[in-house]
Each structure stands twice: as structure tokens, then as C-alpha cells.
Amino acid sequence: MNFSDQNRFINNVRKALGRSPGHKSSLQEIFSIKTVDESRELYEKIKTRTSTQRQKLLSRLINESKTVNLNVICLKNATSVSTSIAGLVREKEPEWGSRKSLTAWEHPLIEKLKLTEVLADRNVPVFCSKLRNNKEAVRDRNTEKMQIRKHVIDSYIGVTSADFCIADTATLVMKTRPGQGRLVSIVPSIHIAVIELKQILGNLKELFILLQHDPKEKSEGLTNCMTFISGPSKTADIEATLVHGAHGPREVYLYVITGR
Amino acid sequence: MSQITTEKYKDEAKRAIKNPVLQDALSNLQERLGKGAVEAYKNLPEGHRLRIEAHDIRMNAIENLDVLLKSLAENVRRNGGHVYFAEDALSAVSHCLEIARKHNVKTAVKGKSMLTEEIGLNRSLEAAGIEVVETDLGEYIVQLAGEHPSHIIAPAIHKTRKEIGKLFSEKLLIHYTDDPPALTRAARKALRDKFLAADMGISGCNLACAETGHITTVSNEGNIRMSTTLPKVHVAFMGMERVVAGLNDYDVLFRLLPRAAAAQNMATYISYIGGPCHKDQVDGPEEFHLIIIDNGRTKILADEEFREILCCIRCAACLNVCPVYRKIGGHSYGYPYCGPVGSVVTPLLVGINRAKDLCLGEMLCGACKEVCPVNIDIPKMLLGLRAKLADGDRKWNVTRASLVEKALYKTWSWLIRNRWTYDLFLRLAYFSQKFLPQKGGMIRRLPPPLHGWTGKRDILPISIETFKQRAKRINLNP
Ligand code: SF4
């Protein structure tokens, strides 16, 4: 690492800003001073939402999802979600090959769906974006990673959960963790996300409040990749005509498990 | 370095105005996006106030850039990424080449980045035998056609669907079609193979977060996510001003950016990327490199008159409302940055004399300031640049654009500050205008050096009755 480049560069910046030689300031001092009380208050509000309030957020989400072409499907429990996903698998055809397969995250909510069993009789394999932890696998991580990559590329549907969903903009927020690959939500032609009602937030501000005040979120950080997804991939680069499915998924389905 | 053709501004502008297809495309774009942005702002609970807040956030970052850059670099390294500081285009490009050589890169896939246009990255990589594929659909089209982008976020706005259809049938060997969904599908297929084969992913950086050590990327197509996840190396290029202090700042900025850029409430994909794949994760690049670039920006930072332009988040909203851009299109500006923002940034980066037509060509209507999500006072800076051209400026190495013009204005200013000389001048002008060609009571042509005024229009002759006399007469006989 060449720190002399960095020092010279930053010194030029300091000079340009007219800093005096002894000038010191820290990042903390620079943070745009917003009232801490206000964000604490909002944090409490998010944490103590009643189920009626959550239902309201859900209606807002459903409303907003139309603008971004996101399909929101609300169901009572995991079983009805997997039945519905099985329906999608039956109805939708693969874009690139002829064989149907899925890749899913390793996630408690997804495990509850028992997709492998549900789709077994249709002969549709469900792969998991998870590294095995036995000895040989650890020795040969690369081969295993290539294997998973291949599965994702071959899959026409990717199944994930999400950390949050923002009602105001119909935005899924997902961090990156072991077993929860980044490719699953971008490479397959169809992206299915499954969340619970309590994961819905009001707006972007609430998300940033949680990331900064919630002890769990704070200690985990943003991870090495935190992605926001609002609907399917789209472009308007040819004569400003809107087309869905530029490079990412052409369709996105969001299942919300409402629990009643 | 990118090619600079700012000297051809007038010729290119004339050409653009005569191109009816381009004229249609540009007005179409402005009707949709320009007006759309203004509408989208209206739906914000804070209304236009939010733009002022965004300005403060960005200005706060710019004025503390030294601290922010240092924290950013520390935090990116803590996350396992590499950081380089490049003073100019050449050193930025050579850092990238070195990384490419180390990994024996054959193919690189790229997300859209104006900065890489500025530093001429593609040409250098290609010269080193690396295939560089632009993956934003518009950029891809422009690259296939061997052209340059003509808009910051809609790079191929100057091309018709028919032209694109012809281009694709030649280059992608598909049957001719001019149907946008079919053309998009063809590009999707061709680029998918590139994504899967590429060994390097290149992206820009929208706004990095100093507090956490992440860069952010924004796209609707998903090409940046593919480019930054599939290849084994990710190299991100960042203009040194594209950073904010902390997570708190994004709420405001990311609510404004998609509205300004595309009249959307939210972009389809926004990613915070900090560092390479961890050992226990299944995908993502093995290495992450961030190249932070000056290339003339500290000079802008040092001048308080122009420092504000560094707040720019390259949303292109100002292009979408500018009456000059609407007529002359992006190519006339002769550098990757066009429209109002380009008319300020380009002269500051490539030389004020060299790019003088850009700031002289804009008409100071103020539409750009009204729509700018970070409320940059572009008209004020255009005036500042013009003042430098009129008087010359040592710091910016500006020579006076026209001595004759300066002399004329000096004389004029002296003349009108003295009642007696002014009256005498009017008298003289009144008598001598009789020798000028006239038609229908109007003067057709003025002699040099004033002939520019009558190049495209006739002007009224000077009246024998002065304003004062007239006022008196009207007051006496109401
Ligand atoms: S000057 Fe303002 S409106 Fe223009 S591109 Fe920059 S941020 Fe957008």
C-alpha cells in the first residue's frame, strides 16, 4: 500500500480547503448535526408498532408496489406460500435453458417452505446457496463456490428473504451473509422474496435509524454488500421506452407472511 | 485522457439543430424527465426545502473533504478493500492496468461511469489487449456504434430505434427489428455471456460513506450488480468529491436522486459495497479496489467561487430542463460532461479559454438551479466564468477572450456615466444612422464591430426625442 500517495493527495485537499497546518477534526464532528432525540423517538416508534399499524404499512407497500411492477402476495403461513410458489414454478417457463431449477438462500423462513419436498414430484431441483462445512469442502472452497455459481446461473428462479421491506418505495433491503448469496437475487430470470409482516418499514429514514440505533444492526454493520431492490430490472435506454428485464430479473414476487 | 473537442461547440451545435431526429428525441426526453422531476419534487412532504437540506449536506462534505477521504480510506481497508489515490487520469488508469495485469484479465464488464469517460479508461485497457464491455444498455449501444454518450444517464438518447435495430442486426447478427423490448432482449442475451465470462468488473461510485467505508452504486438495469458480483475482481472509480460523512446523509440524498434523474421515487437497485467476499460467503469478488481521483478537482475546491459545483451528484436533471441542451444535445459540449453542469465543470477541468463557448452558450435562464437536487447555483458560476473571460485571470490562467469587446464596454461604461457625453453620443448616433441600410423603419445592419447584433435581426433606430423629453411631454399632456 502506498501511503505517500495518500498523504500527498490529502495534503493537496487540505491546502485547497485552506486548512491551517495544525488543523484537526474528526469524522464525528462533521456529521450533519441532526437532533439525536428525534431519531431515538423514531426508533422507539418503529420498535413498538402495533399490528394495526403494520397492516397499514402493508397496504402502503401494496399500493407502491404497482408503480415499480412488484407483485406482492400476502398469505397466512409458510404452507400457503410454498403452494403458491409451486404454482409459479408450474406456470413459468425458463428463459435460457429448458430445465427448471431453483436456487434458494439458507434462511429460517425459506427452510419453513420445504421447497425441495414440495417440488420433488415435479422433478424440479432446489439448490441452496450454502457452503457445506465438512472437511473436504473447506479444503476445496473454490470448487464448491463454482458449483453454487453454476446452480444459480442455471436456475430460472432465485428465492431469498430480505432484512427489511420499505413500504414507501416498495424496496427490499438485503445484507450479505454466509448462505445468502448476492447472485440469487440478480442472475435468475425470476426473483421471489419471502418476508414476514414485521419486517416492513415505513420509509428510508426508518431504515437508516434502525441501522444506526438497533444494537443488532449496529454490531453487524452494513456487511460487505447491502442492496436495495425496488421491483424488476428495467431500462428506458431505447427511445425512452420502458422495458422490464434489462439484465436482472424480469419479474419479482414478494410474499408477505401475515400470520393471520 | 478523454478527447476534448470543446472548440467545435458552435459547429456541432449548428449540426445538431439541423438534425430533426435528434430534435425530436431531445424534446421528448425533456418533456418526460425534466417535467417529471419537477412533478416528483412536488410529492415530497418537505417540497423544495429538501433540496436546500441536500445542498447543506453536500457542502458540509465538500468542506471537510480531507477528513472524509481519510476516514473512507481507513474504513475501506478495514473492510478488506484496497484504496488508491490518483492525482491525474494517467495514474488512475495505470493503477487499474496493474490490477488487471496481476489477475491476467482478458475481459472487463463495466457499469456506467462518467469519470471513466473523463480519464479515457476504455482506450487504455483496450490498448493493453483487454476487452472492455459497457453493460448499461445505452452505453452498450453507443460503444457498439463507436460513439460517445450524449447524456449523463441516457447515453444513447441521440439514437433512434431504427438505427439501433440496424446496429444490432450488424453487430449481434440478429434479424432486424426496431421493437425496444426485442432489442433489449438481444442485448440482455449478448451481455449475459459477457457477465459470466468477465474476470474484472468496473464501476463508478455514486456517493461513498466515510463512516462505514462503503461505496454506493445506483442503477435501474441491474448491470452494475452483475458487474460487481460475478467477476473475481471489482475496481471502483470515484471522483474525490463523491463522498458523504455518514449514513444519516443518505435519506435525503437518495430520496432526491432518483426523482431528479428519472422522476422515480426510488432507483431499482442501490448497493452499498464495502470490501471483497468473505471466506464463508458464497459469491462476490475476491478483491475490491477503490481508486479515488483528483484530476483537477482540488483546483476547483481551492476556489470558493466554484467549490459548490463539487456538490454535484451527476443526476442529469439540469440537462433535462436546459433550453440550450434541448437544442444542441450532448455531443456539442465536446467532453463527457454536458448541459449546464458540463458548462461549468468542463471549462474548470480542461481550461476556461479552451471551453469558453460552453459557458457563453448557456443562457442564464435559471431552470437548472430550480431543478438541481442539491440546489447548485449554476447560473452564478456561469457568470463567474464569463467574468474571467472578460477580464482574464491569473489563477486560472485565463487570457481575455476579446480585447475589442472589453475596450468597447469600457468606453460604453465611461460614456453612460456622464450625462453630457451620453447626450452627445446619442445625437451623433442619431445623425450617422441615416447612412445605415434600413427597411420598414428598422436598421438592417450595423457596422463592425457591432454587426453581431444585426446578424439575425433588425433593430429600431434611435429616436430624435430623448427619454427625458418624452417623459416630460407625456406628463404635460396626460
Ligand atoms: S448540477 Fe445538479 S442537476 Fe446538474 S447533474 Fe449536478 S446535481 Fe444534477
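These numbers come from a predicted model, not from an experiment. Chain identifiers are assigned alphabetically (A, B, ...) following the order of the sequence lines, protein sequences preceding nucleic acid strands; residue numbering begins at 1 within each chain.
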Heavy-atom pairs under 4.5 Å with chain A - which of B/Ile141, B/Asp56, B/Thr268 has more of them than the others? B/Thr268
Checking heavy atoms, do the side chain of B/Ile270, its backbone, both or neither come under 4.5 Å from chain A? both
Heaviest contributor of heavy-atom pairs below 4.5 Å to chain A, chosen from B/Met266, B/Glu139, B/Lys299, is B/Met266
Interface check, chain B: of A/Gln212, A/Arg250, A/Gln180, most non-hydrogen pairs under 4.5 Å belong to A/Gln212
Region of A/Val187 that comes under 4.5 Å of a non-hydrogen atom in chain B: both
Quick one: of B/Leu196, B/Leu183, B/Ile62, B/Ile157, who has the most non-hydrogen atom pairs under 4.5 Å with chain A? B/Leu196
Pairwise distance CD(A/Gln28) to CD(B/Glu211) - rounded to 0.5 angstrom: 7.0 Å
Regarding A/Glu239 and B/Asn28, is there a side-chain donor-to-acceptor distance under 3.5 Å anywhere? no
Please examine the side chains of B/Glu87 and A/Arg8, heavy atoms only from C-beta on, and report whether any two atoms are closer than 4.5 Å. yes
Which atoms of B/His278 are under 4.5 Å from chain A, going by heavy atoms: the side chain, the backbone, both sets, or neither? both
Closest heavy-atom pair and its distance - B/Thr184, A/Gly245: CG2-O, 4.2 Å
When rounded to the nearest 0.5 angstrom, what distance separates CZ in B/Arg192 from CD1 in A/Ile153? 7.0 Å
Taking side-chain contact (heavy atoms from CB on, under 4.5 Å) as the criterion, tell me which of A/Val13, A/Asn12, A/Ile10 meets it with B/Phe85. A/Ile10
Answer key: most heavy-atom pairs under 4.5 Å with chain B among A/Leu207, A/Leu183, A/Ile148 is A/Leu183
If every non-hydrogen atom of A/Ser230 is compared with every non-hydrogen atom of B/Ala267, which pair is closest and at what distance? OG-O, 3.5 Å
Is a side-chain donor-acceptor pair under 3.5 Å present for B/Ser271 with A/Thr227? yes
Looking at every heavy atom in both B/Leu65 and A/Leu17, which two are closest together, and how far apart are they? N-CD1, 3.9 Å
Which region of A/Pro249, side chain (C-beta onward) or backbone (N, CA, C, O), has a non-hydrogen atom less than 4.5 Å from a non-hydrogen atom of chain B, or is it both or neither? both
Main chain of A/Arg182, side chain of B/Arg225: is a donor-acceptor contact present, judged purely on distance under 3.5 Å? yes
Per-residue contact mode, B/Ala61 against chain A (heavy atom under 4.5 angstrom): neither
Pair B/Lys189, A/Trp96 - check side-chain contact (heavy atoms from CB on, under 4.5 Å), show working. CA-CA 9 Å; B/Lys189 186 156 180 284; A/Trp96 305 111; 3.8 Å; yes
Using modelled atom types only, decide if a donor and an acceptor are shared between the side chain of A/Asp237 and the backbone of B/Pro155 within a distance under 3.5 Å. no
Point-to-point distance, once rounded to the nearest 0.5 Å, from CG of B/Asp179 to CD1 of A/Ile238: 9.0 Å
Do other residues, nucleotides or ligands put more than 12 heavy atoms under 6.0 Å from B/Lys159 NZ? yes
Please determine, among A/Lys234, A/Lys145, A/Lys15, the option with the most heavy-atom pairs under 4.5 Å with chain B. A/Lys234
CD1-OH distance between A/Ile229 and B/Tyr269, expressed to the nearest 0.5 angstrom: 6.0 Å
Closer than 4.0 angstrom, basic N to acidic O: yes or no for B/Asp283 and A/Arg149? no
Ranked by heavy-atom pairs below 4.5 Å to chain B, first place among A/Ser26, A/Gly231, A/Gly181 goes to A/Gly181
Using non-hydrogen atoms only, which part of A/Thr235 is less than 4.5 Å away from chain B: side chain, backbone, both, or neither? both
Given a strict heavy-atom distance threshold of 4.5 Å, which part of B/Ala73 is in contact with chain A: side chain, backbone, both, or neither? side chain
Partner of B/Val282 by side-chain contact (heavy atoms from CB on, under 4.5 Å), out of A/Val152, A/Leu131, A/Thr176: A/Leu131
Check for me whether the distance between the ring centres of A/Phe228 and B/Phe254 falls short of 6.0 Å. no
Heavy-atom donor-acceptor pair, A/His247 side chain to B/Thr135 backbone, under 3.5 Å: yes
To the closest 0.5 Å, what do you measure between NE2 (A/His244) and CG (B/Asn220)? 9.5 Å
Please state whether the side chain, the backbone, both or neither of B/Ile293 comes within less than 4.5 Å of a heavy atom of chain A. backbone
Are there over 12 heavy-atom neighbours, none belonging to B/Lys232, within less than 6.0 Å of that residue's NZ? yes
Answer yes or no: are there more than 12 heavy-atom neighbours, outside B/Glu98 itself, under 6.0 Å from its atom CD? no
Contact part of A/Thr223 toward chain B, heavy-atom cut-off under 4.5 Å: side chain, backbone, both or neither? backbone
Please check if any side-chain donor atom of B/Arg255 sits under 3.5 Å from a side-chain acceptor atom of A/Thr169, or the reverse. no
Non-hydrogen atoms of chain B under 4.5 Å away: do they reach the side chain of A/Ser129, the backbone, both or neither? both
Under the criterion side-chain contact (heavy atoms from CB on, under 4.5 Å), I'd like the reasoning laid out for A/Val243 against B/Arg185: C-alpha separation, chi angles, the key distance, then a yes or no. CA-CA 9 Å; A/Val243 180; B/Arg185 265 199 305 280; over 6 Å; no
Chain A contact via B/Thr229 - side chain, backbone, both or neither, heavy atoms under 4.5 Å: both
Out of B/Lys70, B/Met226, B/His214, which one racks up the most heavy-atom pairs below 4.5 Å with chain A? B/His214
Who wins among B/Cys209, B/Ala86, B/Ala156 for the most heavy-atom pairs under 4.5 Å with chain A? B/Ala86
Need one label for B/Thr298: side chain, backbone, both or neither, based on atoms under 4.5 Å from any heavy atom in chain A. both
Smallest separation among heavy atoms of A/Phe9 and B/Ile292, with atom names: CE1-O, 3.8 Å
Toward chain B, the part of A/Lys175 with a non-hydrogen atom under 4.5 Å: neither
Between B/Asn64 and A/Arg19, do the side chains contain a donor N or O and an acceptor N or O under 3.5 Å apart? yes
Between B/Glu221 and A/Ser233, do the side chains contain an N or O donor and an N or O acceptor separated by less than 3.5 Å? no
Name the region of B/Arg307, side chain, backbone, both or neither, that has any atom closer than 4.5 Å to a heavy atom of chain A. side chain
Quick one: which of B/Thr212, B/Asn265, B/Ile273, B/Leu247 has the most heavy-atom pairs under 4.5 Å with chain A, could you say? B/Leu247
N/O donor-acceptor pair under 3.5 Å between A/Asn224 side chain and B/Gly274 backbone: no
For A/Glu95 and B/Arg188, run salt bridge (charged side-chain N to carboxylate O under 4.0 Å, His left out): C-alpha distance rounded to whole Å, both residues' side-chain angles, the deciding distance at 0.1 Å, then the answer. CA-CA 11 Å; A/Glu95 182 182 358; B/Arg188 173 179 171 90; 2.7 Å; yes
Turns out that what part of B/Pro258 lies under 4.5 Å from chain A's heavy atoms comes down to neither
Mind checking the CZ-SG spacing from B/Phe288 to A/Cys225? Nearest 0.5 Å is all I need. 10.5 Å
